[in-house]
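In what follows, every heavy atom counts, from backbone to side chain, and hydrogens, waters and symmetry copies are set aside. Keep in mind that what you see is a predicted model, and the values were worked out from it rather than measured.
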Amino acid sequence: EGPQPGFVGRFVKPVITHVLHRGSPENPRDEVVPAGPAIFGGDLKLTSQASGAKRRAEFAEWISSPGNPLTSRVMVNRIWHHIFGSGIVPTTSDFGKAGARPTHPELLEWLAAEFVSPNEAQPWSMKRMIRLLVMSDAFRRSSRPNKASIGVDAGASLLWRYPPQRVSAEV
């Protein structure tokens with residue numbers, strides 16, 4: 001009955017990647033093995049002969065491993081940003097040196113650890129993290145302004161009030 005969904009694709013064997021001298025494809029130099037960023041300890045222990053599926057699986061395991069806390073920090077920060085209107089790290093797409101520093105680094109670390117906690121029934125659960133945030137004291141605070149507090153922290157980055165914001169219809 002009706003059109004049937006389908007998928008057409010082809011599997012291509014990954015090619016060996018080289019560092020290109022001065023960016024020129026005519027001057028390949030050293031071979032680049034599949035890995036995550038070295039600055040984060042991203043050695044995946046793969047060779048250039050590894051299949052594309054193996055590369056993707058190893059990279060996904062590395063990204064979600066407890067030894068790589070960046071993924072959980074970024075996800076928790078994005079959830080916080082969605083709920084509070086501004087992230088703990090205000091630059092949600094830049095956790096690097098060009099990005100802003102976290103307003104509450106200890107809170108970010110604690111939330112990231114809670115997000116991936118193996119002690120919970122559902123590690124990496126966005127629903128559980130959203131529930132934790134909306135049940136928090138920071139979320140339940142009044143958005144009513146206070147002259148003394150506005151003089152010290154107008155943007156409410158110290159969480160003295162819930163920042164008033166417009167919410168999209170989907171939320």
Side-chain angles (χ1 to χ4, degrees), residues 7 14 32-47 50-171:
F7 174 77
V32 178
V33 295
I39 194 167
F40 299 124
D43 183 13
L44 302 179
K45 296 173 182 52
L46 294 173
T47 66
S51 69
K54 177 76 172 162
R55 291 178 185 202
R56 289 188 300 276
E58 288 295 321
F59 188 65
E61 286 291 325
W62 175 75
I63 280 181
S64 62
S65 74
N68 182 9
L70 186 61
T71 307
S72 58
R73 288 179 193 148
V74 168
M75 193 63 218
V76 164
N77 191 61
R78 287 182 178 268
I79 294 170
W80 182 281
H81 178 264
H82 183 71
I83 291 173
F84 288 93
S86 176
I88 297 171
V89 176
T91 51
T92 55
S93 296
D94 191 351
F95 267 57
K97 290 186 178 186
R101 308 233 359 121
T103 56
H104 298 79
E106 295 86 8
L107 176 61
L108 181 64
E109 289 302 313
W110 183 80
L111 289 171
E114 281 293 309
F115 188 56
V116 298
S117 177
N119 299 332
E120 295 295 328
Q122 297 174 314
W124 294 91
S125 169
M126 289 192 291
K127 183 178 182 178
R128 192 171 56 84
M129 181 54 57
I130 291 168
R131 182 181 299 122
L132 178 69
L133 294 181
V134 299
M135 298 297 288
S136 71
D137 181 59
F139 183 82
R140 297 184 330 202
R141 290 185 180 234
S142 170
S143 60
R144 184 168 293 169
N146 175 328
K147 288 184 181 182
S149 299
I150 285 180
V152 175
D153 181 29
S157 63
L158 298 177
L159 307 177
W160 62 272
R161 74 176 184 148
Y162 182 81
Q165 60 182 329
R166 291 182 182 263
V167 179
S168 65
E170 290 79 15
V171 174

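Put simply, the side chain of R161 gets close to the backbone of S143: a donor and an acceptor are under 3.5 Å apart. Checking side-chain atoms of W62 against main-chain N and O of L44 turns up no donor-acceptor pair under 3.5 Å. Between the side chain of R55 and the backbone N or O of L46 there is no donor-acceptor pair closer than 3.5 Å. Side-chain atoms of S72 come within 3.5 Å of backbone atoms of P69 as a donor-acceptor pair (strictly under, hydrogens ignored). In this structure, the side chain of N77 engages the main chain of I88 through a donor-acceptor pair within 3.5 Å. When atom types are taken as modelled, the side chain of T91 and the backbone of S93 share no donor-acceptor pair closer than 3.5 angstrom.
When all heavy atoms of S142 and R144 are compared, the closest pair comes out as OG-N, 3.0 Å. When all heavy atoms of A35 and G42 are compared, the closest pair comes out as CB-O, 3.4 Å. Here the closest heavy-atom approach between residue S117 and residue P123 is recorded as O-CB, 3.4 Å.
A salt bridge links R73 with E109: the closest approach of a Lys/Arg side-chain nitrogen to an acidic carboxylate oxygen falls below 4.0 angstrom.
The distance from the CZ atom of R131 to the OG atom of S136 is 13.5 Å, given to the nearest 0.5 Å. With rounding to the nearest 0.5 Å, the separation of CG in L133 from CZ in F84 is 5.5 Å. To the nearest 0.5 angstrom, R56 atom CZ is 7.5 Å from S51 atom OG.
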Next on the checklist: Run R101 and V89 through side-chain contact (heavy atoms from CB on, under 4.5 Å) and show every step you take.
Outcome noted: CA-CA 6 Å; R101 308 233 359 121; V89 176; over 6 Å; no
Checklist entry - Going through the distances and angles, do F115 and T71 end up as a side-chain contact (heavy atoms from CB on, under 4.5 Å)? => result CA-CA 10 Å; F115 188 56; T71 307; over 6 Å; no
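Residue pairs meeting the ring-ring contact (aromatic ring centres under 6.0 Å, His included) criterion with at least one partner in residues 126-159, sequence neighbours excluded, are F139-Y162.
Using a 4.5 Å heavy-atom cutoff, the side chains of E114 and R128 are in contact. W80 has its side chain out of reach of T92: every pair of non-hydrogen atoms, C-beta onward, lies at least 4.5 Å apart. Counting heavy atoms from C-beta on, the side chains of R141 and L159 never come closer than 4.5 Å. With contacts defined as side-chain heavy-atom distances shorter than 4.5 Å, the pair M75/M126 qualifies.
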